[in-house]
2 protein chains.
Amino acid sequence: MPVSQNIKVAVDAVVFGYTSKEGLSVLLIKRDIEPFKDMWALPGGLVGDEESLEDAVHRELKEETGISITYLEQLYSFGKPGRDPRNRVISITYYGLVKPDAFEVCADTDAGDAAWFNIKNLPLLAFDHPEIIETAWKRLQSKILYEPIGFELLDEKFPFSELEKLYVAVLDRPIDRRNFKKKITQFGFLDETDEKQTLGGAGRPGNLYRFNVKKYFRLKKAGINFEI
Amino acid sequence: MPVSQNIKVAVDAVVFGYTSKEGLSVLLIKRDIEPFKDMWALPGGLVGDEESLEDAVHRELKEETGISITYLEQLYSFGKPGRDPRNRVISITYYGLVKPDAFEVCADTDAGDAAWFNIKNLPLLAFDHPEIIETAWKRLQSKILYEPIGFELLDEKFPFSELEKLYVAVLDRPIDRRNFKKKITQFGFLDETDEKQTLGGAGRPGNLYRFNVKKYFRLKKAGINFEI
DNA sequence: GCAAAAGTGTTTAATCTACACCCATGT
DNA sequence: ACATGGGTGTAGATTAAACACTTTTGC
C-alpha cells in the first residue's frame, strides 16, 4: 500500500440544456491556459479540502459559467494515469440539467469563454472530455426512460410537443406522437393547464402542461414505475 | 479554486459471491488498526500514484483477501468530508463478482481476517460501508436484469435451478420457474450439455447448462437485448 | 413408497405497435 | 386558401402473468 500519495481530485460537469430551436446542447468553456490552451473543455476544477463534491461542481459552474443548475447527478470517475499530461488527476464527473431560460440567457451573452454546443456538433475537446460527454449522453438517454428528469430541461409550463421533441433529441430517434402521449398521460402526474401556447409562429397552439412533482412522488410511493 | 489540495484517493470493493447453500454473500475484512479497529470493512486502500483504479482494486483484493475476481465494474464515488475521521478521503468504489470455487475456498479457510457474510446478515461495518454495500446490491439487482452478469457468479456448468436461485437471491423476490426458463432459453445463448448434476442429495438431477459467451456477443451485435 | 427437486404448456390479460385524418391558428 | 403544427382512436400483434401435474432420483 502506498504510504504517501500525489493525486489530485477534480470534478467536471456535463451540463445539458434544451430548446426546440437549439436542440440538446452541452455547456463548454474555452481554456485560457495550457495544456489544451484555446480548446473547449468541460467546466470543472479541483475540489476544496473541506468541500463536498456536489458543492465543488456548483461552485465551479458559477465561477466559470455563471450558471445555476436544477438537477445534478454523479456520472462516473475517470482516473487513468496520463489523462492529464501534467499530474495525476482523478476526475469525478457529474451531469446536470438546466431550464431553458438559463440556457438561453447564457447562449445569448456568449461573452466570456462559455458557450453552448449542440450535442451532435461539438468542437474539438480537451483531455478525455469527448468520452465523458459520450458517457453522460448515454446515461441521460437511459435515465430519461425510467425517471421523469426530462422536465428539468423544460419550463414550468410547456406544450406537449416540446416534451416529445425533447425526447426525440435526447434519444436521437423518432417517436410516435400518439403512443408517446398515451404513455405519459396515463401516469397521471402531468397537469393540463387551460392556457395555450403563445408566440407560436404558425400552426395551431398547443395546450400547456405542468409536471406535478407532488403527484409524481405520491404515485411513485404507491408503486407506479415510470417507463417509456 | 483551491491552489493546493490535501485529499486522499482510495478504492473500495464490494465483492459478491454466491452458492445456493450460502446465498448471496459479500467479502469483508476485519480491521486491525484504528479507526474502527476490530470492525468489519470492505477491502480497499489508497491508490498508487501511477496505478489505474482497476489495478488498485485488484491489488488490494489480492493483498487483503487473496482473491481474484472475474468481473469488476465501477459503482460510485463517495466523497463527503468527514466520512473518514482522520483525513479527507475520496473513495471510488467498485463491485465485483467471483465464481463459486473462489468463494468456497475463502469461506472455508476463514483464517486471517477476511470472511464472507450473507448479504442479509451483515455485521457492524466501519465508515460509510453499509451505504456502499446497499448501493452495490441495488446496482447488481438492476444490472442483472439487462446484462447476463449472473453467470459470473456460477460455475462454468450449472443446473438451471442454480441460475434461478441466484436470481431469487439477488433480486430478493420469488420468480416463476417456467416463465423464467422460457425467457432465458429463448435468447439462445445457453448451451445445454448432456451431463447431469451429480452430488445432488435428494431430488431429480438437473441437466447442466453453460453460458456461451460467443453466442451472446453475436446475438448482442445482431441487436437482441437481454431483459428479464 | 415417500420426500425432494426437475421438467414441462396453455390460457388470459396487458401492453406495444402501426397507422391517418381533422382542427386551430398565422400569413 | 394554404401552410404549419396540434389533437385524437383503433385493430392486430406481441409479450407478460398466472397456474399444476408428472418425472426422476435418494433414502
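Reminder, nothing fancy here: chain letters follow the sequence lines and each chain counts from 1. Because the structure is a prediction, the values reported are computed rather than measured.
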Phosphate OP1/OP2 of dG5(D): any S161(A) side-chain N/O under 4.0 Å: no
Rounded to whole Å, please give me the gap between CZ in F180(B) and P in dA6(C). 13 Å
No-H, no-angle donor-acceptor pair, R178(B) side chain to dA17(D) base, under 3.5 Å: no
Please give, in whole Å, the distance from dA18(C) C1' to R173(A) CZ? 15 Å
Please report, rounded to the nearest Å, how far the P atom of dT23(D) is from the CD atom of Q197(B). 21 Å
Picking from dT24(D), dC19(C), dG7(D), the nucleotide nearest the side-chain atoms of N179(A) would be dC19(C)
Exactly one of L166(A), V168(A), D172(A) should register a side chain to side chain contact (heavy atoms under 4.5 Å, CB included) with V170(A). Which one does? L166(A)
Go through dT25(C), dG9(D), dA5(C) for me and flag the one nearest to the P205(A) side chain. dT25(C)
OP1 or OP2 of dT8(D) less than 4.0 angstrom from a side-chain nitrogen or oxygen of K181(A), does that happen here? yes
Under 3.5 Å, is there any donor-acceptor pair linking the side chain of R177(B) to the base of dG7(C)? yes
Base, sugar-phosphate, or nothing: which does D176(A) touch, judged by heavy atoms less than 4.0 Å apart? base
Rounded to the nearest angstrom, tell me the gap between atom CZ in F226(A) and atom C1' in dT15(C). 16 Å
K183(A) has a side chain; which of dG7(C), dC16(C), dA20(C) sits nearest to it? dC16(C)
Between dT24(D), dT10(D), dA24(C), which nucleotide gets closest to the side-chain atoms of K182(A)? dT10(D)
Rounded interatomic separation in angstrom, taking CD from Q186(B) and P from dA16(D): 8 Å
Specify the separation, in whole Å, of atom CD of E192(A) and atom P of dG6(D). 14 Å
Working to the nearest 0.5 angstrom, can you tell me the gap between K157(A) NZ and L154(A) CG? 14.5 Å
From CD of E162(A) across to P of dG5(D) the rounded distance in Å is 12 Å
Between C1' of dG6(D) and CZ of R204(A), the distance in whole Å: 5 Å
Heavy-atom donor-acceptor pair, K99(A) side chain to L153(A) backbone, under 3.5 Å: no
Nearest-nucleotide wise, let me know which of I228(A) and G203(A) is further upstream toward the 5' end of DNA chain C. I228(A)
Nucleotide nearest A202(A) (side chain, heavy atoms from C-beta), chosen from dG7(C), dT8(D), dT4(D): dT4(D)
I would like to know whether D191(B) and K215(B) meet salt bridge (Lys or Arg N to Asp or Glu O under 4.0 Å); could you show each step before the answer? CA-CA 9 Å; D191(B) 291 343; K215(B) 273 192 196 166; 2.8 Å; yes
One should read off an interatomic distance between I119(A) CD1 and L24(A) CG, to the nearest 0.5 angstrom, of 5.5 Å
